[in-house]
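A quick write-up on the structure given underneath.
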Amino acid sequence: MTRAVISSGPMPGTEPTMHMDMATDLAGILMPSPVLTASGCAAAGRELDQFFDITQIGAVVTKSVMLQPRSGRPTPRMAETPSGMLNSIGLQGPGIDRFLEHDLSWLDERGARTIVSIAGRTVDEYAKLAARLRTAPGVDGIEVNISCPNVEDRGQVFACDPTAAANVLQAVRRNSDPRMPIFAKLSPDVTDIVGVAESVVRAGATGVSVINTLLGMVINPDTMRPHLAGITGGLSGPAIRPVAVRCVWQIRKAFPDLPIIGMGGIRSGLDALEFILAGADAVSVGTVVFHDPSSPMRIHEELEQALVERGFATVAEAVGYAHRGADPVDQEDDLDFISE
Amino acid sequence: MTRAVISSGPMPGTEPTMHMDMATDLAGILMPSPVLTASGCAAAGRELDQFFDITQIGAVVTKSVMLQPRSGRPTPRMAETPSGMLNSIGLQGPGIDRFLEHDLSWLDERGARTIVSIAGRTVDEYAKLAARLRTAPGVDGIEVNISCPNVEDRGQVFACDPTAAANVLQAVRRNSDPRMPIFAKLSPDVTDIVGVAESVVRAGATGVSVINTLLGMVINPDTMRPHLAGITGGLSGPAIRPVAVRCVWQIRKAFPDLPIIGMGGIRSGLDALEFILAGADAVSVGTVVFHDPSSPMRIHEELEQALVERGFATVAEAVGYAHRGADPVDQEDDLDFISE
Amino acid sequence: MVPVQVKGEVLDMRRVGAYHVLSLTAPGITDITRPGHFVTLGIGGEESSMVLRRAFAIHQVQSRGVYGGTLDVVIGVHGKGTRWLSERRRHDVIDIVGPLGRPFVLPKERVACVLIGGGYGSAPLFMLAEQLRERGCRVDVVVGASTEEKLFGVLDLKRLASTLTITTDDGSLGEHGRVTDVLPALMDRVDAGVVYACGPMGMLQAVAELATERRTYSQCAVEEAMACGIGVCMTCVVPVIGEDGVTRMLRSCVEGPVFRGDRVRWADVGTIPPDTLGAPEQGGH
Amino acid sequence: MVPVQVKGEVLDMRRVGAYHVLSLTAPGITDITRPGHFVTLGIGGEESSMVLRRAFAIHQVQSRGVYGGTLDVVIGVHGKGTRWLSERRRHDVIDIVGPLGRPFVLPKERVACVLIGGGYGSAPLFMLAEQLRERGCRVDVVVGASTEEKLFGVLDLKRLASTLTITTDDGSLGEHGRVTDVLPALMDRVDAGVVYACGPMGMLQAVAELATERRTYSQCAVEEAMACGIGVCMTCVVPVIGEDGVTRMLRSCVEGPVFRGDRVRWADVGTIPPDTLGAPEQGGH
Ligand SMILES: Cc1cc2nc3c(=O)[nH]c(=O)nc-3n(C[C@H](O)[C@H](O)[C@H](O)COP(=O)(O)OP(=O)(O)OC[C@H]3O[C@@H](n4cnc5c(N)ncnc54)[C@H](O)[C@@H]3O)c2cc1C
Ligand SMILES: Cc1cc2nc3c(=O)[nH]c(=O)nc-3n(C[C@H](O)[C@H](O)[C@H](O)COP(=O)(O)OP(=O)(O)OC[C@H]3O[C@@H](n4cnc5c(N)ncnc54)[C@H](O)[C@@H]3O)c2cc1C
Ligand SMILES: Cc1cc2nc3c(=O)[nH]c(=O)nc-3n(C[C@H](O)[C@H](O)[C@H](O)COP(=O)(O)O)c2cc1C
Ligand SMILES: Cc1cc2nc3c(=O)[nH]c(=O)nc-3n(C[C@H](O)[C@H](O)[C@H](O)COP(=O)(O)O)c2cc1C
Ligand code: FES
Ligand code: FES
């Protein structure tokens, strides 16, 4: 792959305190770091700005916003699971109008780069959200959360159907500035994530964000009922990291030049490096923010260190580096067993 | 659902050392316990018999066996991940002939109940394996591992295509004794696991085993290459438990009377209880055997305790108990957001 | 008040009845702590499978001294995280974020205040009682629990309060019954201007309803399961009626944990009341 | 020999050079331990995110005494599991499974034996040296490491062996070079009948090839990543030529870790040689 050309190996003896330029160009968004927040895990940046300077990370990806205010689901909305958690928030939020007035304007004034995540219940809602964003100042990119049920199609989740996913992305593309970077956020709960990626890219997505949570559930041993009021919830955190890395790998393999934001259980700079080597241009930190509110900045620093130690001069050099060279095993992979 | 009728709640003051009858009828297989081993995590029982009496658990589910001897994949074949592991063994095994002679006969003599797991590369191989088992003594059930690529269909994994999965199950059914319980082992890496379950049940599966591993991968930060020689591997262990419980729940909801073997990250009796409440008739212990070779017996005992404390008189009473009663939230579930 | 994230060192861990009192160094946190604030603690060390922090009301702070600020929390062992915490020993290091949340509001006037604590819910009332007394308010305290050993801090509270009333469900200490059995008479006797409460949801509901019936201002510190504790995740919401009469699902970690007792829709906690802003039934979505 | 699973108590943890020596009670294990056996240890406690055990060669056993059997392992801190182990303290409890694997085979005759250890690979050679000497065999030992502090047990080995030769890659102690630089001369000098080796794969390969060239019988304890350590998972395989001349992928945890040096296909470790029984290329599957 052409993105991942590097000739020099790790430089032994590199000073552990050396710095490098972490500047990242994500589909035209120029950022000082490839480390972003994950949608729904950073609200609209204000709270995290207490713990680190949010203008120093790549971008704030805001909680998915809908057209109207939304109360979300009843509590309990979360359960801790081994190395992860389930959530079932139900996209509680203020609605696009108040979001623009109250949240986006603050982010803009603060000088943070912002990727606005949007969610709808119909293709038309996505279209309207994109149209509202078109005139709003301070939008550096749009992330389209398609892990929502389509109320016009028996609640079938957009992200689980390549055609429905494409319809959403097409509607968002048509209603956005043509230069606006648009990322389709993909669900891992599908048989063929590369197929969904292909479909949304054809429909006009500039890039993809992978992955959203996995559908999971916990039964409470005391009540002997599902623990979450919403019954099922989204599984996130380090537990899902191997699934997320695999999804990034597969998509990068199929699309050597597609901008990819990778996420799923990133806890350290080495975890972030794993995603970048697998093919992510940038990474989002989600659940681990709950564990460590300073983590996006810490991960930025640890990643910088890890890249320097390995002799990379830019972040871009490391993107997809794990795909380098011929790979005989990989060739026969499809004809061998993918799972025991 | 009819399987889960219980009127009494937990009995306070129940002695913590009380025993109950753990007898379990799994699709006609009469077992002293609902706790089984998981395929590939107990070989053919011999090694674990050093740590506990394998005739006291429900059954030994053997490592998936193929027609011919098979060398498996190169090493590294495993990676530890947060609360889980990846494996890429490549179904190393002796082939069916030596398995029958050497392993099944030992299990039979030992008096253990045995569910034989089979794996093939073509529908015909599955048919032949079933035919070989038809005359073999000591087979209490067959588990059909369909997470294998179909060499006749560009390596498309059987379990990821409802039609291919059904073809395998039909072939196995036709070549087996009509009374033989046959379990289709399902992969969670699909958009619609209930649809696959429906398909294999129509094709003649007596029940289903859920779940096999999730496809994942790890990049080694030192070599900056995929850590496993096989590149991707199967994710197992407590990390995936919420996904597994969700799959059992969904299938039980769709099929009130289908025999289900639940598995995925079971580490304790309470974890086993979670699967049973979600709808599993029996449970398999996999990865946690590596952590604690005595775990199947320990989990049996802890589960017994947990059931007694909750006032259940039989295991069957607890099966699917979390589905009881009307559930307004569940009704609206499909029209709400399944994932953030 | 801006919360900080610091590494705290365990100075002491001691058993008090059914609880563990953990003393930690907490530089930068103690100076800005007010009664009702809480902290969250990282659990299980670096390779822990427990990814979520646990929340604890700040019980006491000592701002000066060689450690540059220390704080105490009172821990009731509930599940695996609190069990792990209870096993910490001197010199262990724990990641602390705090102070978090909205603290108790203190009255401007010298009114009589009744403080009610259920179980470990009495922990944040110590600082509150001290500060109310500094302002010249009369302070009467009621503590209740299921049984004697689940009461926390009875001796110290006796010293801090004009009167201390104790109730236990099993009658093992104090009055046999619940805090709300003794509350009305006490409120009348002292002519209570404000009621402060911290404890289980059921108790808060009963106390708030009692206070509201009597048109007494009340402040209740709620306890909802929290994933982040800092306002970014939306797991910790309760239905609260705003100044504008509209019910919203508010985050108890940043808009609480202390709420006005008459504003929380106690009976609807764990649901989305149909008239909540953005509720599914309303506006067709 | 049937392995058992027991709870061991930490009796001692001490630093030796770059390593940690951990002494554990291990009732039921020590009596049946032979040189070359290993144990696996549970890591990180109940709420650990690390689900796999870690394998360690048994360094020493003390069978009697108040503790009813204790054993020592030598730990080189490598990743998070060994780091956690190195932080254990007296009275901590660790889950032990052992003894595991096939031990070294001892010669029936009184032949001269050369023992080679790389890094912590010298750990299992102590018991081996003792037992060989008890049988009247001459024992000469070679230990090597990258640098002095990564040598283990030099003083004790001096006592146990007729001669001890030390090599370090950086020349910080002993000969400047590798164990295989000194091995041929030593083998000739003592007329070695058996060579025993434990250490990194590269070293084992070099030693085994040297021995095989000279038609000397060799026994090598390999170290492959193991998920279960008891033979049920198939992660730990190496290509080994059987008596029948057929190469099979054998489990190093139960069919090893000690293999005949001339039987392991060292150059092919990490691959499936095409002529392996059941290899993909062979027989069309
Ligand atoms: C603002 C606030 C203040 C608190 N103050 C105290 C205090 O002073 N002393 C004290 O002992 N406890 C206090 N708690 C409760 C304490 O946080 C829980 O007991 C603790 O989180 C349970 O963790 P666990 O690991 O033992 O239980 P687990 O059941 O293993 O916890 C699993 C998950 O559920 C959450 N959870 C479970 N029970 C509760 C609960 N009752 N409240 C909130 N989250 C819960 C945990 O935080 C964790 O994320 C407070 C909670 C909140 C929200
Ligand atoms: C039979 C045998 C005997 C051993 N004897 C000793 C000994 O006496 N002293 C000693 O210090 N070490 C010994 N080792 C190596 C020791 O098991 C590893 O260093 C240890 O597993 C690394 O764990 P970690 O958590 O530090 O590393 P991590 O990198 O966190 O481990 C991740 C996973 O990979 C496995 N792994 C990583 N490196 C190795 C390795 N080199 N060998 C096997 N598995 C590995 C781990 O077991 C774990 O499952 C032995 C290994 C084997 C197989
Ligand atoms: C509490 C919570 C809320 C989330 N809300 C959203 C959301 O609104 N929109 C979205 O696209 N993803 C949402 N996510 C998913 C994350 O953005 C992310 O894709 C996922 O959690 C995996 O990353 P992580 O493991 O780092 O958390 C949410 C995740 C969590 C844990
Ligand atoms: C090392 C390993 C080997 C496995 N081999 C098989 C196999 O041969 N056939 C099969 O159906 N499942 C196999 N599995 C999957 C398990 O049977 C089980 O479905 C999965 O691991 C989830 O359960 P667990 O989390 O308890 O391990 C294997 C799993 C592991 C970890
Ligand atoms: S706990 Fe995350 S918003 Fe309150
Ligand atoms: S480690 Fe499991 S078979 Fe050897």
Side-chain angles (χ1 to χ4, degrees), chain A residues 37 40-52 63 66-95 120-122 125 151 227 229 236-239 265 267-268 286-295 298, chain C residues 1-6 40-44 46-54 79-81 95 97 100 201 224-239 246-254 268-285:
Chain A
T37 62
C41 302
R46 251 200 205 86
E47 295 82 2
L48 293 188
D49 203 30
Q50 301 174 317
F51 296 95
F52 63 91
K63 167 90 188 158
M66 303 190 71
L67 266 186
Q68 303 296 329
R70 198 175 150 95
S71 64
R73 286 244 178 89
T75 53
R77 289 179 169 186
M78 68 104 173
E80 195 183 47
T81 68
S83 296
M85 68 174 283
L86 284 179
N87 85 82
S88 157
I89 309 295
L91 291 177
Q92 176 169 349
R121 298 170 314 129
T122 62
E125 283 190 12
V151 295
H227 180 76
S236 63
R267 189 166 181 161
S268 69
T287 303
V288 164
V289 165
F290 308 160
H291 176 76
D292 172 7
S294 324
S295 56
R298 170 178 58 76
Chain C
M1 193 272 324
V2 174
V4 293
Q5 181 175 12
V6 296
T40 59
L41 306 180
I43 297 291
E46 263 185 53
E47 303 306 334
S48 169
S49 66
M50 296 179 277
V51 297
L52 300 177
R53 307 174 70 85
R54 304 300 196 254
K80 47 198 170 27
D95 189 276
V97 171
L100 294 168
M201 282 292 193
E224 257 295 342
M226 294 177 177
C228 76
I230 58 169
V232 297
C233 77
M234 299 299 210
T235 59
C236 61
V237 297
V238 285
V246 175
T247 298
R248 292 181 182 78
M249 300 306 294
L250 295 191
R251 294 165 299 177
S252 58
C253 66
V254 288
D268 298 324
V269 168
T271 72
I272 306 290
D275 58 343
T276 306
L277 181 70
E281 288 78 357
Q282 192 201 39
H285 67 101

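Both the backbone and the side chain of C:Thr235 come within contact range of chain A, with heavy atoms under 4.5 Å apart. Heavy atoms closer than 4.5 Å to chain C are found in the backbone of A:Thr81, but not in its side chain. Looking at C:Val254, neither its backbone nor its side chain comes within 4.5 Å of chain A, counting heavy atoms on both sides. At a 4.5 Å heavy-atom cutoff, the contact between A:Pro238 and chain C is made by side-chain atoms alone. Of the two parts of A:Arg267, only the side chain, counted from C-beta on, holds a non-hydrogen atom closer than 4.5 Å to a non-hydrogen atom of chain C. Heavy atoms closer than 4.5 Å to chain A are found nowhere in C:Glu47, neither backbone nor side chain.
Contact tally against chain C (heavy-atom pairs below 4.5 Å) for A:Ser83, A:Pro94, A:Ala44: the top residue is A:Ser83. Put simply, of A:Asp292, A:Leu48, A:Val288, the one with the most heavy-atom pairs under 4.5 Å next to chain C is A:Asp292. Most heavy-atom pairs under 4.5 Å with chain C: of the set A:Pro76, A:Gly237, A:Gly84, this distinction falls to A:Gly84. When each of C:Gly79, C:Cys236, C:Pro3, C:Gly44 is scored by its heavy-atom pairs under 4.5 Å with chain A, the top score falls to C:Pro3. Looking only at heavy-atom pairs under 4.5 Å with chain C, the residue among A:Gln50, A:Arg46, A:Arg77 that has the most is A:Arg77.
We find the CZ-CG distance between A:Arg121 and A:Leu91 to be 11.0 Å, quoted to the nearest 0.5 Å.
Side-chain atoms of A:His291 come within 3.5 Å of backbone atoms of C:Val51 as a donor-acceptor pair (strictly under, hydrogens ignored). Here the side chain of C:Thr276 pairs no donor or acceptor atom with the backbone of C:Ala279 at under 3.5 angstrom. Judged by distance alone, with hydrogens and angles left aside, the side-chain atoms of C:Ser252 form no donor-acceptor pair with the main-chain N or O of C:Val237 at under 3.5 Å. The backbone N or O of C:Ile43 sits less than 3.5 Å from a side-chain atom of C:Ser48, completing a donor-acceptor pair.
Nearest heavy-atom pair, C:Arg251 versus C:Gly231, reported as atom, atom and distance to 0.1 Å: NH1-O, 2.6 Å.
In summary, C:Arg53 and A:Glu80 do not engage in a salt bridge, as defined by a charged side-chain N under 4.0 Å from a carboxylate O.
In summary, of the residues considered (C:Thr247, C:Leu250, C:Leu277), a side chain to side chain contact (heavy atoms under 4.5 Å, CB included) with C:Pro239 occurs for C:Thr247 alone.
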